[in-house]
Undergrad: 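Below you'll find the structure I mean.
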Protein chains: 2
Amino acid sequence: MNKRITIKQIAKALSVSISTVSKALNDSYEISDETKSKIQEYAKLHKYKPNTLALSLQNKKTKTIGIIIPNILNYYFARALRGIEKVATEKGYNIITCITNESFKKEVNTMEMLSNGTIDGFIACISVETLKMKNFEHINDILNEGTPIVLYDRVHKDINCDKVVTDNIKSAYKATRFLMKSECKNIAIISTSEGININKFRVKGYLKALTKYDVVPNEDLIIIQDGEDGLTERINKMLDSNKVDGIFTVDEISGAITTQVLNKRNIKIPDEVSIVGFTNGILSRYSSPPLTSVNRFAHTTGEVAATRLIDKLEGKVKFDDIKTEIIRTQLVERESTKKLFIKF
Amino acid sequence: MNKRITIKQIAKALSVSISTVSKALNDSYEISDETKSKIQEYAKLHKYKPNTLALSLQNKKTKTIGIIIPNILNYYFARALRGIEKVATEKGYNIITCITNESFKKEVNTMEMLSNGTIDGFIACISVETLKMKNFEHINDILNEGTPIVLYDRVHKDINCDKVVTDNIKSAYKATRFLMKSECKNIAIISTSEGININKFRVKGYLKALTKYDVVPNEDLIIIQDGEDGLTERINKMLDSNKVDGIFTVDEISGAITTQVLNKRNIKIPDEVSIVGFTNGILSRYSSPPLTSVNRFAHTTGEVAATRLIDKLEGKVKFDDIKTEIIRTQLVERESTKKLFIKF
DNA sequence: ATGAAAGCGCTAACAG
DNA sequence: CTGTTAGCGCTTTCAT
């Protein structure tokens, strides 16, 4: 077992001083070519690698950023992570990813843990529990210490920092309008995970579209619940006693479940009922039929967040310069809605 | 902005020595209750938190483990990560997750980077590229330095370390046999991502089952290709010119695409064609119809890997004590196969 | 009970 | 050109 070698050992082995070794390895002009190459060769031979910890302790910079993800099984977050990861790597930053599983306690613990020298800044998405409790002290504390944070997707006005979000109201509005334009008269909306304001915004957008086109919202067509348990039954029940020819689902899982229900009932999609989903992921792409869906550009969200954070870390943007960036969405037409010939 | 406070500053503020503060904060018996509480109160008031870096540098232990994931969009890996994360958290370890995007270079870079003091050990899944190149020097180097690694899912015999794997041959064998028992006579197999040995093993299991039951493999029913491009066409073509009543797909995406093709052709699943998938994830669960699938217990895989690594880090298991753990699979029956009345 | 000093691995200012 | 020294934040002997 060849334990990792240190600068000190190299110095001893070659009978030079520690600082000479340090300088030689950093290719300093102060060191003679001869000693330099002697040291560098020895280092290479023994696979010397500098200790990251010691470096970070010295520079007060770790070149790593902490990523807080509520739920990695969520395809949107996984894609956002990729975007973050891409930019971080490009700019020479490491990322340390933590999953909170939507738990407040876990979120507080990990963020406190990491903000003690381990990371230079955070890219975080607040957990549902935190959002419900409206307790953001841990975040504000970290901000106060001068550690920059960029919040993405789920945000709150009580936190004053950079944010990267989706325009939920507008996107939901456009999705609903699309259903109306494709001649749906009775449009239902389905939303799991109540309690997060982004879902409320999506319902708002739906209602706004209806109102705008003089359709009176029908309460029986609005299914909002926490979690997916029993969703199948509720959809079936709704379908049993209501005329429905369009369904807007506020998240991917709802979309998939809705599709399953319709298929099971042998209802033709989109001939009899159209579906528009939200957050275009694998489920939308690979369902039968593939779902028309509001694409959220998760990857871009991640990229923008990472770019912003790194700019701040590197002083390109001042700490107090706070900005909220809105990432546009785009409706991806697939086979769960009727083809529209008039674009609008 | 309240910059983070250090032990030194506390010492100065209270006119005591640095070591007194250190001891007081660690609740040492050497310090009088009076000074202790004085210091502790001051620390709390100023939200003192020890610098993790300095601690790690001192102890030569970071209490964090590096996780290498080839592709986070893969549901299996995401679930495994959860399992790892759970155990790590329970045992007081942090994880730092890195995504290689199936790239050899990225894998080498991140692993070298992290193994310089940042992490105590790795839980890694080798990238496809690395596997194809069969270059495992970076892994063996790290192992050589005394840093423990647990490999999961994708492994190779040239690497001598702890491993946690699926029994691919046996699982594929059982899946194929299941199709035969449900009266399928012409069973096709579909596999994307050629080149990884685990997929080869799955094909092997399929062939083994056929042979065992005296079915001569039909080359026209074996679709193996790299990536999913054009898969739809190949499946259609196969269906055009062959009688097929059962399909075993070696991964989730293939399963989803196959389902789409059959649905599109209005082929009744499972009445006309049965499907069994591999790696039971959201796609299998939420497709129409839901797919019978070989469930891989990704979460368990992660848990086992993490437990093993931590045991090693904490000296409960010797470094040279190498073990390969095989995680069983389980066929989950859903609606893409006919109900079997005789269990076997 | 408290403090001085060395050291973890490294860099950097300053001397020589 | 090379070496000495101090210091990053903390722990841990060893004195006092």
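Lettering follows sequence order; numbering is per chain, from 1.
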Undergrad: Ignoring hydrogens and angles, state whether a donor on the side chain of B:S22 or B:S19 is under 3.5 Å from an acceptor on the partner side chain.
TA: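 Their side chains do not contain a donor-acceptor pair, so the 3.5 Å distance test is not met.
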Undergrad: Please give, in whole Å, the distance from D:dG9 P to B:L57 CG?
TA: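 Nearest whole value for this atom pair: 12 Å.
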Undergrad: Quick one: is A:T20 getting a side-chain N or O under 4.0 Å of the D:dT2 phosphate, OP1 or OP2?
TA: no
Undergrad: Taking for each residue the nucleotide of DNA chain C bearing the nearest heavy atom, is the 5' side occupied by B:K60 or by B:Y29?
TA: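 Whichever sits nearer the 5' end wins; that is B:Y29.
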Undergrad: Rounded to whole angstroms, how far apart are CD on B:Q9 and C1' on D:dC10?
TA: 14 Å
Undergrad: Closest nucleotide of DNA chain C for A:S19 versus for B:S19: which of these residues is on the 5' side?
TA: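 Checking each residue's closest nucleotide, the 5'-ward one belongs to B:S19.
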Undergrad: Which donor-acceptor pairs under 3.5 Å do the side chains of residues 68-75 of chain B make with protein atoms, sequence neighbours left out?
TA:
unit_1 : atom_1 : unit_2 : atom_2 : d
B:N71  : OD1    : A:R82  : NH2    : 3.1
B:N71  : OD1    : B:L73  : N      : 2.9
B:N74  : OD1    : B:Y76  : N      : 2.8

Undergrad: Report yes if a donor N or O on one partner sits less than 3.5 Å from an acceptor N or O on the other, where the partners are the side chain of B:S22 and the base of D:dT11; otherwise report no.
TA: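 Flag unset: no donor-acceptor pair detected.
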Undergrad: Does the side chain of A:T100 pick up a donor-acceptor pair with the side chain of A:S103 at under 3.5 Å?
TA: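 No donor-acceptor contact under 3.5 Å links the two side chains.
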Undergrad: Could one point to a donor on the side chain of B:T6 or the base of D:dG9 with an acceptor on the other under 3.5 Å away?
TA: no
Undergrad: Quick one: is D:dC8 close enough that its OP1 or OP2 comes under 4.0 Å of any side-chain N or O from B:K8?
TA: yes
Undergrad: When you measure from the side chain of A:T35, which nucleotide among D:dC1, D:dC14, D:dC8 comes out closest?
TA: D:dC1
Undergrad: Side chain of B:T307, backbone of B:E303: donor and acceptor closer than 3.5 Å?
TA: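 Checking the backbone N and O of B:E303 against the side chain of B:T307, a donor-acceptor pair under 3.5 Å is found.
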Undergrad: Provide, to the nearest angstrom, the distance between the CD atom belonging to A:E30 and the P atom belonging to D:dT2.
TA: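 So the CD-P distance, A:E30 to D:dT2, works out to 10 Å.
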Undergrad: Calculate the interatomic distance between B:N59 atom CG and D:dT12 atom P; express it in whole Å.
TA: 7 Å
Undergrad: For the residue pair B:S32 and B:T35, confirm or rule out a side-chain donor-acceptor distance under 3.5 Å.
TA: yes
Undergrad: So if I apply the side-chain contact (heavy atoms from CB on, under 4.5 Å) rule between B:Y93 and each of B:I119, B:I65, B:T64, B:T62, which one comes out positive?
TA: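 Exactly one pass, corresponding to B:I65.
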Undergrad: The side chain of A:S32 lies closest to which of these nucleotides: D:dT13, D:dC1, D:dG9?
TA: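 Nearest nucleotide to the side chain: D:dC1.
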Undergrad: Does one side chain, of A:E112 or A:H138, offer a donor that lies under 3.5 Å from an acceptor on the other?
TA: no
Undergrad: Counting heavy atoms from C-beta on, name the nucleotide in D:dG7, D:dT4, D:dC10 closest to the side chain of A:Q58.
TA: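 Nearest listed nucleotide: D:dG7.
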Undergrad: Taking heavy atoms of chain B and a 4.0 Å limit, find me the 5'-most and 3'-most nucleotide of DNA chain C within that range.
TA: C:dA1 to C:dG9
